[in-house]
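Only heavy atoms go into these numbers, but all of them, side chains included; no hydrogens, no water, no symmetry mates. Chain identifiers are assigned alphabetically (A, B, ...) following the order of the sequence lines, protein sequences preceding nucleic acid strands; residue numbering begins at 1 within each chain.
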Amino acid sequence: MKEANPNYTRRDFLRLSTFVGGTGLLAAQAGVFGEIGTANAGVAQQAGNYALAKPENIIYTTCLQCTTACSIKAKIVNGVLAKIDGNPYSASNMVPNIPYDLPPVDVARVDGKICLKGQAGLQHVYDPYRLRKVLKRAGTRGSGKWRTIPFEQAVAEIINGGQLFKDIGENRQVPGLKDIVKLRHPQVAKAMAEDINKIRKKELTITEFQAKYKDHLDVLIDPEHPDLGPKNNQFLFQCGRIHNGRIEFSKRFVNGAIGSINWVEKTTLCGQTSNKAWVRSTMAYEEGKWKGGVKSPRPDWANTEFVLVVGSIVFEANYGPVQESEPITEGLINGRLKVAVADPRLTKVASKAWKWLPIKPGTDGTLGLAMIRWILEKDRYDRRYLQNANAAAAKADGETTWSDAGYLVKIVEGRPQKYLRADEVGLGTKEQFVVYWGGKFLAVDPNDTVQPVEGDLFVDTVYQEIQLKSALQLLREEAYRRTLDEYAEITGLKVEDIAAVAREFTSHGKKAAVEFYRGPIKHTNGWYNAQALIALNFLIGNPDWQGGLMKPGSDWDYTGEKKDGKPYPVGKMHPGKLTAFGVPITREGVKYEESTLFAGYPAKRPWYPFSGNVAQETWPSIAEGYPYPIQAVLLHSHSPMYSIPGGMHQLGTLLEPEKVPLLIACDIVIGETSMYADYIFPDVTYLERWGTGQKPHHIRVKTSTVRQPVIAPLTDTVEVAGEKLPLSLETLMIAIAEKLGLSGFGADGFAPGMPLKRPEDFYLKLVANIACGDKPGDVVPDAGGGELELFRQSRRHLSPAVFDEEKWRQALRPQDWRKVVYVLNRGGRFESTNRGYDGDHARYLLGGMNRFYLEEIATSRHPISGQYFSGYAVWQEIQDSMGKTIPVEGDFKLITHKEVFGTQSRTATNYWAQLSVQPENYVELNRSDARRLGVKDGDRVRIKSRSNPEGVHELGNGRQRYVEGTVKVMEGLRPGVVSVSTCYGHWAYGSNDVEVDGVIIRGDARRGTGIHVNPVFRLDDNLRGTPLSEPIGGSVSFYDTWVTLEKV
Amino acid sequence: MSEANRQDEAEKLSRREAAVKLIKISLGLAAGAGVLGEFTGTEKAEAGAMLEVPAAAPPPLPERIPQDEAIFRMQQELHRALQKPVAERNWTMVIDNRKCVGCSTCTVACKAENKLPPGVVYRPVMEEEYGKFPNVARRFLPRPCMHCTHPPCTKVCPVSATWRSKDGVVVIDYEKCIGCRYCISACPYGARTFDWGEYYTDGTPQREKYETEPSFEYVKEWPRAKGRSPVNNTRKCHFCLHRLVNGMLPMCVTSCIGRATYFGDRNDPESLVSELIGNSRLMRLKEELGTAPSVYYLV
Amino acid sequence: MKRLYYLCLLTLTLLGFWALGVRLLEGLKVTGLTSYFSWGAWVVLYIFFIGLSAGSFLLSTMIYVFNMHSLEKVGRIALLSALFALIGGLLFVFIDLGHPERFWRSLVYWNTASVLVWEIRFYLLYILLVLAELWLVMREDLGELAKHGTGWRRPLARVLSLGYRPAVTSEGRNRQQAAAARWVKILGILGVPMAVGVHGGTGSLFAVTIAKPFWNNSIVPVVFIVSALVSGAALVTFLYAFFAGEEEDKLGVLKSLAQLLILFIGIDLLLVAAEYLVGLYSGIPDDVEPMHQVIAGQYGLIFWLGQIGLAAVVPLLLCSLPRTRNSSRWLGLAGLSAIIGIVAVRVNLILPAYTVPQLSGLEKAYVDSRLTYNYLPSGNELLTSIGLIAFLVLLFSLTWEALPLVKGNSMRQDNFEGRIQHEGSQSQLHQA
């Protein structure tokens, strides 16, 4: 591997300085300042002393220390990443950001902001415990004994299977991937996929299906249940913080090449219910279907006057401390902004708030309902906005959105069901709804931009013998079921505080909003909490208004599939692509009632038609083989044993070769889950690889970040099909595809003669999609000669395994190269922050309809309890999957929180940040509780719960420890609540000793400090080993566990 | 010679070197202080001295860089100040506590920028909780070096290795510093820490390269190696002088996610810091000691 | 016995030098010090030895300047102790430097505002002065030894006498003695302020530190001097009691010393009481907290056992109880007790100041093992300290053996012949 280029001579250096100086001079002369010539001469000398200010030492890329995906400026000295700062081109990291067309040489001396995690990123990449070679276990799973084997051998073993662990006394026959990837015909796959949809809709019987595919039934997991899909589904890819670009790459492999539907990510551990609730609440009705929707509308912090933050740790987590902090602090000191925070814990943002509402955990929606009641009673909602029932009415009022407030919902058997359609009462078509206005029932097409229709907000009537209520009427009835005093009792707040916040919220017109993300929704009632808080926003009609609720500015379509005329629709450029079909192992996106496994209620395990991947279901489902067993798992960048509440209870499944015959991990270290694997393939970190980042949540302009290698990879370089590549997830997938002869990879991966043999063959096309824009003329300029030279110079330290200009060029059409360089030289493509607004409105609009009522939810049933869901916000106690209320089972409610320096499991490497800012986490208690328990700062306590009565953490192979931590006594926490931050208490990830090739590698105890509380989280009594979960969005419950503390 | 042999040889050699060094030092001890010093540490300390010489100002930022926002304004003001002779600058920091979100980004950014080892921290952020539930607040206080107008630390230095330079920055000449740590005891703000020669990866399988790469403090390169300054020296915040002379704001200023830290030339009446200093919310730490810090807080 | 004694000292010295080698190679990371607790055992020993030196010297001035004839016999011990203690102090400050190889800079660069820099110059002058005085009081004996000595002592004395030879006539010798006495007195007079300066100045190093309210107190330099006097008197008492052999009126001399010791301890206690009572009463947190640490906290044991017990109560009792005050052995032990006790005094003068964060919450703001307000000396610190002390004792013992110290010509006596005989017998005694 080539280190800092030894051929980089003094002459090169001079040439470079000349070039840099020259450009700088030109730019400067364009400026208004005098005496440039002499000043510039001076700096040439000065800059020699400060290598971090030299443009040729800078590569812009994208952070991944958390999932916000800030754009960063990596400064490299002597081939070593020396410093990370924010990228001033990006609106995420500088406000206002630098004009996109300024040459990089001119902005080298401008640093953007980036948080402490981002700053500590080099300790993530330069981690002494990074893996460089492939490991194969040399003892039982989790024994901590490994040996290194050549990559080629490892790939051959996992493909061919066999008695892979004979040398350590296991005579088991391990299935190889070749035994799993049975269905190889794209046409058959496509046809089967279409036909099982028919089976679900009862348009085709199983017998008919079997007859049609009698020659191919052997490819199915179970021919009696063809809707489970092909055997290929028995390959599971489970991933965590994978991010865009890599998502598409790995889906290309898992779905398109392997043909498995089981590409499962971890979002139910994060804010999935929030995302899904927002999406549903903002969907449009088109062609008889609910479509679209926006997952993360957020307050326009830069202009808002009042925000109620519910359970979001705005300065510390919440998708972007870097983006949110500045407009908030600025607003707070100049008097523009007032903030109220509802959170059991005094978060940093709460400490700056006008009012802190130390709410009881799990009652966020109730606070919402209480405010809704107060607002409706006092008539402080935006009636004008809410009455608009379609696009035309909204437009007439200068609004960009409207709501379903007046839409009539049918009440059947005492239960609200679907919206009344106009055709049912002879008023119009089946794609029209009905409102009541001026004493008349009117048909309304929500998308009609010509004929304004308005509707009464509170309707409770019978029409043509159909009992009808308006959507807002339903919500009002729910809100009015309890008095404010009762709400205060439930939430543990003062009536006056609730009223004061409601009054403040309704005192700023459209310039107010409710912000929430993960806090309110990680409860079994999370969906309804989300709906209540979303409803508050709609009540003041704030969507799209400056200072109100706005959607993220979004990004340019990097996949090339969403917009027409893009150069590289990579998903479609996949000859021989398999259509993945069947039921995912985690059963999301499919209705239980439509599956051939339907056998009344309760279902054996839950199904999630409205959710994305349900991470916490993965391992319990594998354990029970429901809906089918899994043969091979490839784990990547996700640590279920560490991250999933109660994940420990599934450790037995991982350790059981019968349940998971082949367990492969692709990881940067030996982590808390990869430690139990059969093989670990080294991966590269975000600073050594490609990607396209993630859309920022809190930015109002278009932002497309690009992640690209900034240093030579630390993993070994291997040769795959004649190409030298660093070990990584991509290399592994390319190698497997090559060996197994899978589609979409190799010499003709994209098209005949268009190879996918190197990661950049794929990723550069994504970059080109960004460069070429989303509509004609929306193209970045070509990089000039100077920029091309800078591009080369700044990559002079990269090994040819990563950077070979000729190979990079070959991945693109010739006309795209300079555009791609232009984008890479800036780390992505960024609109200027001043493009965020259009008059009083956002430039990028949510638009469309906002719903208080979700008919599709209201007509679905919980697959376990069989109870119907509610279509609107309701107050529901914390309950299990059978609808049984969880009683008070301990002295404290356990909640978790995030620290600004920590994310899930991967910040324990950050010696500068997490390990020094706070070397261990604490069991945080209110002073009154501490006094009652007789504990003080520094005491140790053990945490026990009903699901873990002894507070024991099983680590496998007979190892166990107690869930014990150090007490920290504070005032800023609601009494009766105990809070523990996540991201500590490691038992792997470099914190423990491991044995590789017979050599003991000592762990670093600093990385294993603190307490890890996941093992005590409350499980669902009806579902073995699964934590309590929210049944609609699929979120796992994090804050519903009662615990008891015992002083140690 | 086989690889293993060569390695052995190399180890032997290094052991021998160590022994020789040990002997040398012992001899040095015996021969009396100074003699050895003449041979090993003779390179005249220029680090600080060169800062006194007005450096040629770097070119200004391109005109099209936004002019109005605080961060750009301060960078422009910085350029303006750099046109003046050193003695006419008076670098000043203003920290708005109400804007500080207590994230410690400045702390870590500074650690990274200056390649600070364990035991050395220039700008920690302190936190205090006030009040009783439910009337509670948390307050955050970043603490850089105060760059006192009357620094108690520079007075005590026996070798004049630390002083307040003409532009108001309290600096240390690493190559002069004998490591007596008197200045550490003398600082009422705990702003001076010592470089013990440790590495964050001590005790792990590998020392990482970023730990030995040079820092750029005081406009020089300081690769990190045993016995070599700044190892075994006192270290402190220097307002990122190396960035200042390159026309860049201190690291804690540019990295701050709450934009709570302001920096500029107090002698320039038009500067943002001058504007902010005329504020009723202004305070300085331990004002009663008469140190007259150049770091102000808005509370 | 003697061989064992030297063997022990040599072993400890070698061990200490090995540790010192490690320390010089590895730098200060071998210590248990932190960036917040930045001075420790070595600085404690540095001021202890400086104090010992100043105390011993001041004791010698009682004889040579203030004409306390009862103590004449211990004059040379006091001067020699002053010399070696000072060297010890300087050695400890030297090894405490992060860059000891740059020590010379402290002589070349003169920051006039720094107390330390004045102190360093003071130390050097003071060494010269002590050497000169020592030479003057011993030149007669050295000259004799150079002429009439036997074995290796003769060439040594030739070198050390710097060519000085006693006059042949008694008249001439008297003249020489008078001249020496005059010079000794002059030097002694010069030396008083210097010794006060040396140690009072060392105390001022701490007292001027506004960052540490525990130190920042004008009584501190005075306490330094008085406790220096305690340690000086105690050292001389101890040495004279145990190592001077049988001398006439030994008990008488020791009793005089004991009286001085009691006086010094009394003043010391008074000052400490004043310091603590005023400090505690005033109640300024940064001042009170270290005092709490001393009286009832982590330094409590050192305070009550060391500072109050060994340095005050025990010597006071031993010097005043009828059963012990008439025994040179017990008085010697009183001296030893006070010496050890003064180490505790030094510990409690320096270290408690580091237990209070300069700003509240600083210790939690950014944490690693070098950013704490806790300190325990490391093995290396202990080994080097023991080694250096052993080295000093070794040198002192050798000097003691080589030079006429105890029954030397104390200016007014003229019995060097007898002394030489005695010297011989003493050496034999030692060899036995």
Side-chain angles (χ1 to χ4, degrees), chain A residues 24 27-28 30-33 36 39-40 42-43 46-47 49-50 52-53 77-78 80-83 85 95-96 98-99 102 106 109-111 113-116 119-120 122 126 128 315 321-322 325-326 329-330 332-333 346 348 351 356 358 900-901 911-913 917 926 970-972 975 1001 1004, chain B residues 55-66 69 71 75 79 96 98-99 101-105 107-109 111-113 129 131-134 136-139 200-201 203-210 213-214 216 219-221 242-243 245-249 251 254-260:
Chain A
V32 291
F33 298 90
I36 301 303
N40 210 50
V43 96
Q46 287 291 341
N49 296 321
Y50 188 43
L52 303 184
V77 180
N78 303 327
V80 178
L81 177 60
K83 181 73 178 65
D85 279 302
V95 180
I98 298 256
L102 271 183
D106 286 346
R109 288 180 294 123
V110 181
D111 289 333
K113 57 188 171 176
I114 186 74
C115 81
L116 74 172
Q119 295 279 351
L122 53 157
Y126 294 124
F315 291 151
V322 176
S325 298
E326 186 175 339
T329 55
E330 181 263 340
L332 287 174
I333 64 149
L346 184 83
K348 287 174 180 172
S351 77
W356 171 42
V900 66
F901 45 75
Y911 295 101
W912 283 334
V917 175
N926 182 279
M970 51 175 55
E971 294 288 346
I1001 294 170
D1004 180 354
Chain B
L61 294 178
E63 188 196 7
R64 288 187 49 233
I65 282 185
E69 292 285 319
I71 205 84
Q75 201 165 358
H79 282 284
D96 192 334
R98 291 201 306 181
K99 291 179 90 178
V101 299
C103 64
S104 294
T105 291
T107 317
V108 179
K111 291 282 287 191
E113 173 69 21
E129 189 188 58
K132 283 181 86 73
F133 181 87
V136 202
R138 295 162 79 180
R139 289 209 300 226
Y200 277 102
T201 52
T204 71
Q206 185 173 314
R207 179 167 297 167
E208 295 290 341
K209 273 189 279 183
Y210 76 91
E213 282 295 311
F216 300 94
V219 207
K220 275 192 86 176
E221 292 195 10
H242 59 287
R243 287 171 61 88
V245 300
N246 278 285
M248 298 167 78
L249 291 164
M251 201 66 245
T254 59
S255 62
C256 179
I257 67 170
R259 289 289 182 237

Under 4.5 Å from any heavy atom of chain B, what part of [X] do you find: side chain, backbone, both or neither?
| X | result |
| --- | --- |
| A:Trp912 | both |
| A:Pro96 | both |
| A:Asn926 | side chain |
| A:Val77 | both |
| A:Leu346 | both |
| A:Val322 | both |

Euclidean distance, [Y] [atom2] relative to [X] [atom1], rounded to 0.5 Å:
| X | Y | atom1 | atom2 | answer |
| --- | --- | --- | --- | --- |
| A:Leu122 | B:Lys209 | CG | NZ | 12.5 Å |
| B:Ser255 | A:Asp85 | OG | CG | 7.0 Å |
| A:Tyr911 | B:Thr201 | OH | OG1 | 7.5 Å |
| A:Glu326 | B:Ile257 | CD | CD1 | 9.5 Å |

Review point. Any idea which of A:Ile114, A:Ile1001, A:Val900 has the most non-hydrogen atom pairs under 4.5 angstrom with chain B?
Key: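 Sorted descending by pairs with chain B, the first entry is A:Ile114.
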
How about [X] and [Y]: do any of their side-chain heavy atoms sit closer than 4.5 Å?
| X | Y | result |
| --- | --- | --- |
| B:Ser104 | A:Phe901 | no |
| A:Leu332 | B:Arg98 | no |
| B:Val101 | A:Pro321 | no |
| A:Leu52 | B:Glu113 | yes |

Which atoms form the tightest heavy-atom contact between [X] and [Y], and what is the distance?
| X | Y | result |
| --- | --- | --- |
| B:Val108 | A:Ala913 | CG2-CA, 4.0 Å |
| B:Pro134 | A:Trp356 | O-CE3, 3.5 Å |
| B:Gly258 | A:Thr329 | O-OG1, 2.9 Å |

Review point. Salt bridge between B:Arg64 and A:Asp106, side-chain N to carboxylate O under 4.0 Å?
Key: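 So B:Arg64 does not pair with A:Asp106 through a salt bridge.
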
Point to revise | Whether B:Gln75 side chain and A:Arg109 backbone form a donor-acceptor pair below 3.5 Å | key: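 A pair under 3.5 Å: yes.
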
**Study point:** Side chain B:Glu129, main chain A:Glu971, donor-acceptor under 3.5 Å
**Key:**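 Here the side-chain-to-backbone pair exists.
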
Interchain contact, [X] with chain A, by part (heavy-atom threshold 4.5 Å):
| X | answer |
| --- | --- |
| B:Thr204 | both |
| B:Cys256 | backbone |
| B:Ile71 | side chain |
| B:Glu208 | side chain |

Find the one option among [options] whose heavy-atom pairs under 4.5 Å with chain A are most numerous.
| options | answer |
| --- | --- |
| B:Ala137, B:Pro66, B:Ala109, B:Gly102 | B:Ala109 |
| B:Lys111, B:Glu213, B:His242 | B:Glu213 |
| B:Arg207, B:Arg139, B:His79, B:Met251 | B:Met251 |

Practice item. Check the pair B:Ile65, A:Val110 against side chain to side chain contact (heavy atoms under 4.5 Å, CB included), reporting the backbone distance first and the verdict last. Key: CA-CA 10 Å; B:Ile65 282 185; A:Val110 181; 3.9 Å; yes

